[in-house]
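Here's the structure, in structure tokens; my notes come after.
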Amino acid sequence: MKRSSVISVLVAAALSLGGCSGGADPGEYTFNNGGFENGSLSGWTADGDAFGEKSVSRLTVSECGDTFYQQGKYFLYGGAVDGKATGTLTSEAFKLKGNGRIGFLIGAGADPDKCYVALCDADGKELVKAGNERFGASGFTDGMYRVVLDGSDYVGKKVRIKIVDNDSGEGMQNYINVDDFIVNYGGEAEIPGKTLAADKYISQMSQAVDTTYRHTYHVMPPVGWMNDPNGFNYAFGKYHFFYQFHPYSAEWGPMHWGHYTTEDFVKWSLEPTAIAPDTDYDRDGCFSGTSIVKDGRMYLMYTSVADGRQTQALARSTDGVHFTKAGEVITSEELPADCSWADFRDPKVFYRGDSYYALMGSRGTDGSGQVLMYKSADLMRWRYVGKVWKDRRTNGVYECPDLVNIGGADVFITSPQGFARDDWRHENVHGNLYMTGKLNTDTGAFEALYEDEIDSGFDFYAPQTLTAPDGRVIMTAWMQMWTRSMPAAAHGWAGAAILPRELSLKNGRLYQTPVREIEKYRRNKMTAENREIDGEITLDGVSGTKAELVVSLDLGSAAKAGIKVYCGTRHETLIYYDRAADKVVFDRSNMGTTISHDAKELNASKRSAKVTIENNTLKIRIFLDVSSCEVFFNDGERVMTGNVYSDAGDTGISFFAENGTAKIVSLEKYDIVVG
Ligand code: FRU
């Protein structure tokens, strides 16, 4: 992010400083000990009692628990000596080159008239100054953020920087913190707040995350916690993936919206945190929602939570990166009487005809799960239209509704909490569901023609769709599940999203295939044909944990036949067809890690599902990514997704048949390499 590019320019400039002359752009540079990285006040002259050697600090958190966000190891902590003392600290004189703008970090200094930083002439006369005008903004008190002093009128002159503490009062933060002076600064001033705090935390902590289970081509939080994908969309020339994000621990907490962009759903670029819980109406969390582009602006519609009340709010952006909150747009006053204001969330916004519509998950006062529809002409004023869906198969909310049109048919997608198990379907505590049919935009009602589970594995929740510029409907989802232990959490992160899938309908049924862009990353192709499986076999060149397998399996006479992945001497995960049950099975019970789960769930180690077996043959396509396994049966007729936490050495792949023989009709194996 910007921080590292600033540092690299600075280092390059520092190395070449002696050599730059005349009108050449000097690059960003600093003066002697302009970032206090000497660990002392060398290069600075103190006057008065406010500053001493103790002021050069390595602390990262202040006494009141505020993070300082310094750059490098050291910074100037004005409170270290005596908050009430006054004094100044003046730098050596240096020639002001470049654009004359000086960027630096400032914190504390509650009274900007008394505590400030001045650009002075060589004799110490103050020319321009800047204080902490945003003291206290979203909790930034001791925490520093970047401001810019404009000295463009003094370029070419000898100047000094003077840090002034004239505050001898008793008030809060009556001293000044500063750090990291950059001359010829090319960047912008920062706005202190919770999104900036999150980004600073990410840049400091993401390197500390244990990479054992980190995926290579799945999107995951840089540090901390991820749950639902949000605002999945195409805008400003790329795809946007926002997500429910708690940076500060690998557990769910006050929700921010993290943000990645991608051009191919495989390589992900981290963007600044989009929104954070920092207003009266969303102080307890910015919950899930979607994004939409209108008149060249990107709008995020999300659930704002405060004191247990859920309302819907908007944030907007002109560049798809920086967002400004635009306030609440649907409050609980617009909620039908039989719905709870404590469960009214996850707006899916879409445009149809000449209006905007929003679907929201909700819980009825009678205990039913419901989805409500609202309508708007301008995204700001909304009116309730009616109920899209209502039933009692959930014991909570129909969370994260989504609606997309595929080839003329509406596909309504939801994530029902505590959904009733139905034979082999919905074995997880929280379900995932699609219905094909038609949405009546006049009444809101959805006429369902067919319904099924979307993914029959362990770790799949809160899917969202987008329609790509080329017309493909692409779905993402959280590749985790509530009420289970998450082994990666002990490593400083938790949660990821699936490899996005292209959706299509065949005979009214949903088919899912991995985005075709993944094929660009196939390396080291290995093929095999007509291999008899009697017992268990391995094939040369077929192993690995960042890989794709495309297998056509003749089930022969075997009672069970399939593939083992993440195999080691003690561990294995099985994907196979069980003839007696006539089901495919994903069995991770011997992966090497035990996942604790809610008592309502029979187990968190084995899932099964029905697929079509034609000519005694099964097609299996598997994607492995360090700790995940996504299995597509019969070209996307059914998909099972699960995380697999094995040992790093468990890289084996084998093929097996029990009580009879089977045959690999054809096999392709690729490594997936994301450079
Ligand atoms: C679904 C969900 C949403 C909610 C979000 C909060 O996983 O419970 O309903 O908006 O997570 O993080």
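Atoms within each ligand, like the ligands themselves, are counted from 1 in listed order. Just so you know, these numbers use all the heavy atoms, side chains as well, and skip hydrogens, waters and symmetry mates. Because the structure is a prediction, the values reported are computed rather than measured.
- With hydrogens and angles ignored, the 3.5 Å screen pairs a side-chain donor or acceptor of Asn432 with a backbone N or O of Ile454.
- Under 4.0 angstrom from ligand 1, the non-hydrogen atoms of Tyr461 all belong to its side chain.
- By the 4.0 Å heavy-atom criterion, Thr303 is excluded from the residues contacting ligand 1.
- Under 4.0 Å from ligand 1, not a single heavy atom of Val397 appears.
- Residue contact check: Asn227 has heavy atoms under 4.0 Å from atoms 5 (C), 6 (C), 7 (O), 11 (O), 12 (O) of ligand 1.
- For ligand 1 and Asp228, the ligand atoms under 4.0 Å from any heavy atom of the residue are 1 (C), 2 (C), 3 (C), 4 (C), 5 (C), 7 (O), 11 (O).
- Ion pairing between a basic and an acidic side chain is recognised when a charged N comes within 4.0 Å of a carboxylate O; Asp307 and Arg283 show such pairing.
- The two atoms that bring Ala250 and Ala494 nearest to each other are O-CB, 3.7 Å, heavy atoms only.
- In the vicinity of Gln244, heavy-atom distances shorter than 4.0 Å reach the ligand 1 atoms 5 (C), 6 (C), 12 (O).
- Applying the 4.0 Å criterion to heavy atoms of Asp346 picks out, from ligand 1, the atoms 3 (C), 4 (C), 9 (O), 10 (O).
- A donor-acceptor pair shorter than 3.5 Å cannot be found between the side chains of Arg297 and Ser317.
- Residues Ser628 and Asn643 bring no donor and acceptor atom of their side chains to less than 3.5 Å of each other.
- No more than 12 heavy-atom neighbours from other residues, nucleotides or ligands sit within 6.0 angstrom of CD1 on Ile191.
- Applying the side-chain hydrogen bond (donor to acceptor under 3.5 Å, both in side chains) test to Asn227 and every residue at least two apart in sequence or in another chain returns Trp225.
- The contact set between ligand 1 and Met255, taken as ligand atoms under 4.0 Å from a residue heavy atom, comprises 12 (O).
- Remark: distances from the non-hydrogen atoms of Trp478 to ligand 1 are all 4.0 Å or more.
- Listed by number with element, the atoms of ligand 1 under 4.0 Å from a non-hydrogen atom of Glu399 are 1 (C), 2 (C), 3 (C), 7 (O), 8 (O), 9 (O).
- Using modelled atom types, one finds a donor on one side chain and an acceptor on the other under 3.5 Å when comparing His259 with His240.
- The N/O atoms of Arg345, backbone and side chain alike, include one that comes under 3.5 Å of an N/O atom in ligand 1.
- Ring planes of Tyr461 and Trp478: perpendicular class, angle over 60° (limits at 30 and 60°).
- The ligand atoms of ligand 1 that sit less than 4.0 angstrom from a heavy atom of Ser288 are 5 (C), 10 (O).
- Heavy-atom contacts of Trp482 reach the following atoms of ligand 1: 1 (C), 7 (O), 11 (O) (cutoff under 4.0 Å).
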